[in-house]
Amino acid sequence: MSDPASENSAPSDFIRDIVAEDVRSGKYTNVHTRFPPEPNGYLHIGHTKAICLNFGIAHEFGGICNVRMDDTNPEKEETEYVDSIMADIHWLIDGWAEENLGLKQKSEGGDQRSEVRGQRSENQAGPFFASDYFEPIYAFAVRLVEKGNAFVCDMSAEQTDEYRRIGKESPFRNRTVAENLDLLARMKAGEFPDGARTLRAKIDMQAPNMWLRDPVLYRIRHAAHHHTGDAWCIYPLYDFAHCLSDYIEGITHSVCTLEFEVHRPLYDWLLESLDLPRPLPHQYEFARLNLTYTVMSKRKLKQLVDDELVNGWDDPRLPTISGMRRRGVTASVLRDFAYRIGITKYPSMTEVDALEYAMRDEFNKTALRRLAVLHPVKVVITNYPEGKTEELEAVNNPEDLGAGTRKVPFSRELYIEGADFMETPPPKYFRLRPGGEVRLKYAYIIRCEEVIKDSSGKVAELRCTADLESKSGGATSNRKIKGTIHWVSAAHAIDAEVRLYDRLFTVPEPDSDGDFKSFINPHSLEVVTAKCELSLGEAKPELRYQFERLGYFALDPDSRPGRLVFNRTITLRDTWAKEAKK
RNA sequence: UGCCUCGUGGUGUAAUGGUAGCACGAGAGAUUCUGGAUCUCUUUGUCAAGGUUCGAGUCCUUGCGAGGCAGCCA
């Protein structure tokens, strides 16, 4: 497999090239990355790309990747999201890079920077939080003011915007250091209402880069924070908190997505202006993942969840990590996919086929083959004795003979797939038809002798005869028969609820124009009661199953003893569907 | 509009001044007790125009196109 975990296929891209050069030149003695989600939603497959990049770099260069909640906006962040994010990350890196995971130590005290540098220990409690650094970040703000590099501004948000647009300096820009220090302290003490004042960097109101036009560093928000509670009423903004959090944790390579590119000069300016001991972290940007037939923004995903167009954040139709996990996608598939798509600065649109290929590629090698009929049609073998049962041998995985064999029961009455019989088939259809022959996998060749319909004209039962010498291994078993179909013995079948998932949207780019919700695929979920071979009664949630000729399936958490629920993770490639369309 | 970044087959990528390659998709065939898998073959590309060079996808200039930013969001 081309899982990045198998070292001989370590990926290469411009960011890894930079890291390799930095290591070679001795710019850094260690490699330390970070994955900094904001806990305001669930992680999705786009985050998978970032996680695999940051952990991949740490893994390949013998470094650490810290997980840090980027929680500087108390109004949007919740503890529920912290928990889901951590669960998703652990699941994704398990068996691959957990030894590179940097978590916060339990022990308190000591020098914050060295403690926080992410050495592995048994004392690890959980993720880092940017909000854990509010105290040192505030101290840095004071230092910036003392150096004359920041000032307290009394303008409104609207005024600030307007002045930045036209490049005009704030009238409060030249307050004395003493006055700024006093006002900042009083901001922190809660003397002013929300929005009354801000702390701003003093850079250059004429700068062509807007982010250098005296950007806001702190705002006043009398709001409870999910992690720090009521300890603060001023909160640092992303630009101020992020570079300092990176610095505090000893991050070397701070990798983020393209939209932060224009922020990089500010990132560098802040660290430089604080005159910090070297080495400093550096920021690099790559293009986020876009996938066809889905939406990726947290806002849109949340809308689908809130409007109940899907069943929660872990709905298997969603591109969330939890949704894909529930659907049956494995972490190794996601990692493999992340490796295949590469890392560039070009904002590309990846076809979902690449993801589906990664699934089929892995499941073909690992999934146990089973017989299950999704849309059953009754078949009676008229020349097969009533009451007789044979145990036929079936291979568990032709791609992995080590997976062994199993017995499947055969008897006079069977179910076959509705789609495997047609009264008046199109050309090149080589399944069952009136008077035609087909092979039952692992069993006999049968001929359809009679079609029995119900009052509505629907096929109710097929009466067939079997070539009793044609059993697999038998005298006439080598006869050339074009079609082989799957089946289940009616008397031995067990029922299962099977959820057949399809793409959530009908168009490749649902959020390109118009309302993305109008493109929702009305057939994205079909629930059927399937007839399954007996051995599926012992299905295990950690295993993947190929229902032969149909697709790959995984047990849903809704399963209970005696009540099986399967999700279709992905169909098999279906060249007949393509042919039939012609 | 300003600033930043990016343009390699249908899609995702590689080539670090020296034969434009890989994967996905698409098409054709072989094989098959899964119309799966496997195997073989085919198709299509350096945004444009100049320049530097023995030689340019790569370096320079200009143009065109696309994306991002212009929150007291991240």
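In the text below, chain A, chain B and the rest are named by the order of the sequence lines, each starting its count at 1.
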Sorted by chain and residue number, the salt bridge (charged side-chain N to carboxylate O under 4.0 Å, His left out) partners of A:Glu169 (sequence neighbours excluded) come out as A:Arg173
Please write out the pairs of protein N or O atoms and N or O atoms of nucleotides 40-46 of chain B separated by less than 3.5 Å, giving the distance to one decimal.
none

So salt bridge (charged side-chain N to carboxylate O under 4.0 Å, His left out) across residues 183-194 of chain A, not counting sequence neighbours, yields A:Asp182-A:Arg186, A:Arg186-A:Glu191
B:U16 to B:U38 separation - C1' atoms, rounded to the nearest Å:
37 Å
Quick note, side chain to side chain donor-acceptor pair (under 3.5 Å) partners involving residues 198-207 of chain A, not counting sequence neighbours, are none
**Message:** Work out how far the C1' atom of B:C24 is from that of B:U19, and round it to whole angstrom.
**Reply:** 25 Å
Applying side-chain contact (heavy atoms from CB on, under 4.5 Å) to A:Pro215 and not counting sequence neighbours gives A:Arg164, A:Ala201, A:Ile203, A:Leu266
When pairs are called at under 3.5 Å and a stem needs at least three consecutive Watson-Crick or G-U pairs, the stems of RNA chain B are B:1-7 with B:64-70, B:10-13 with B:21-24, B:26-30 with B:38-42, B:47-51 with B:59-63
Considering every strand and a 4.0 Å limit on heavy-atom distances, what is the contact class for A:Glu38: base, sugar-phosphate, or nothing? sugar-phosphate
Residue pairs passing the salt bridge (charged side-chain N to carboxylate O under 4.0 Å, His left out) test with at least one member in residues 400-410 of chain A, sequence neighbours excluded, are A:Glu393-A:Lys407, A:Arg406-A:Glu533
Original post:
For A:Val498 and A:Leu500, what are the C-alpha separation, side-chain angles and deciding distance, and is it a side-chain contact (heavy atoms from CB on, under 4.5 Å)?
Top reply: CA-CA 6 Å; A:Val498 179; A:Leu500 304 172; 3.7 Å; yes
When you check the phosphate oxygens OP1 and OP2 of B:C4, does a side-chain N or O of A:Arg264 lie under 4.0 Å from one of them? no
Practice prompt. Taking the six-membered ring for Trp and the full ring for Phe, Tyr or His, determine whether the centres of A:Phe410 and A:Trp487 are under 6.0 Å apart.
Written response: yes
Residues A:Arg34, A:Glu249: salt bridge by 4.0 Å N-O rule: no
A:Tyr238 side chain to A:Asn73 side chain, donor-acceptor N/O pair below 3.5 angstrom
no
Practice task
Compare the aromatic ring of A:Tyr238 with the six-membered base ring of B:A74 and state whether they stack according to the 5.5 Å and 30° rule.
Solution key: no
Test side-chain hydrogen bond (donor to acceptor under 3.5 Å, both in side chains), reference A:His486, set A:Lys441, A:Arg369, A:Glu417, output is A:Glu417
Interface polar pairs with nucleotides 57-60 of chain B, N/O, under 3.5 angstrom:
none

* Does one side chain, of A:Glu362 or A:Tyr552, offer a donor that lies under 3.5 Å from an acceptor on the other? -> no
Would you indicate what A:Thr350 reaches in the nucleic acid, counting non-hydrogen atoms under 4.0 angstrom: base, sugar-phosphate, or nothing?
sugar-phosphate
Note: for A:Ser156 and A:Tyr429 on RNA chain B, the residue whose nearest nucleotide lies more 5' is A:Tyr429
**Asked** Expressed as a whole number of Å, how far does the P atom of B:G45 sit from that of B:C22?
**Response** 15 Å
Write out a two-atom table: protein N or O, nucleotide N or O from nucleotides 17-25 of chain B, distance below 3.5 Å.
from, atom 1, to, atom 2, distance (Å)
B:C24, OP1, A:Tyr357, OH, 2.8

Ignoring backbone atoms, establish whether A:Ser12 has a side-chain N or O less than 4.0 Å from OP1 or OP2 of B:A14.
-> no
Contacts satisfying ring pair (Phe, Tyr, Trp, His ring centres under 6.0 Å) that involve residues 197-219 of chain A (not counting sequence neighbours) are A:Trp211-A:His263, A:Tyr218-A:Phe240
**Item:** Sugar-phosphate only, base, or nothing, as touched by A:Met155 at under 4.0 Å among non-hydrogen atoms
**Value:** base
### Query
Given the P atoms of B:U13 and B:C72, what is the spacing between them in whole Å?
33 Å
Taken in chain and number order and not counting sequence neighbours, the residues that satisfy side-chain contact (heavy atoms from CB on, under 4.5 Å) with A:Ser156 are A:Glu158, A:Gln159
Measure all distances between protein nitrogen or oxygen atoms and nitrogen or oxygen atoms of nucleotides 63-70 of chain B, and list the pairs falling under 3.5 Å.
from, atom 1, to, atom 2, distance (Å)
B:C69, O2', A:Trp211, NE1, 2.6

* Asked: Between the side chains of A:Gln546 and A:Glu548, is a donor N or O closer than 3.5 angstrom to an acceptor N or O?
  -> no
For the C1' atoms, the ones on B:U44 and on B:A23, what distance do you get once it is rounded to whole angstrom? 15 Å
Taking NZ, NE, NH1 and NH2 as the nitrogens, is one of them in A:Glu38 or A:Lys298 under 4.0 Å from a carboxylate oxygen of the other?
-> no
A:Phe553 CZ to B:U34 P, in whole Å, measures 18 Å
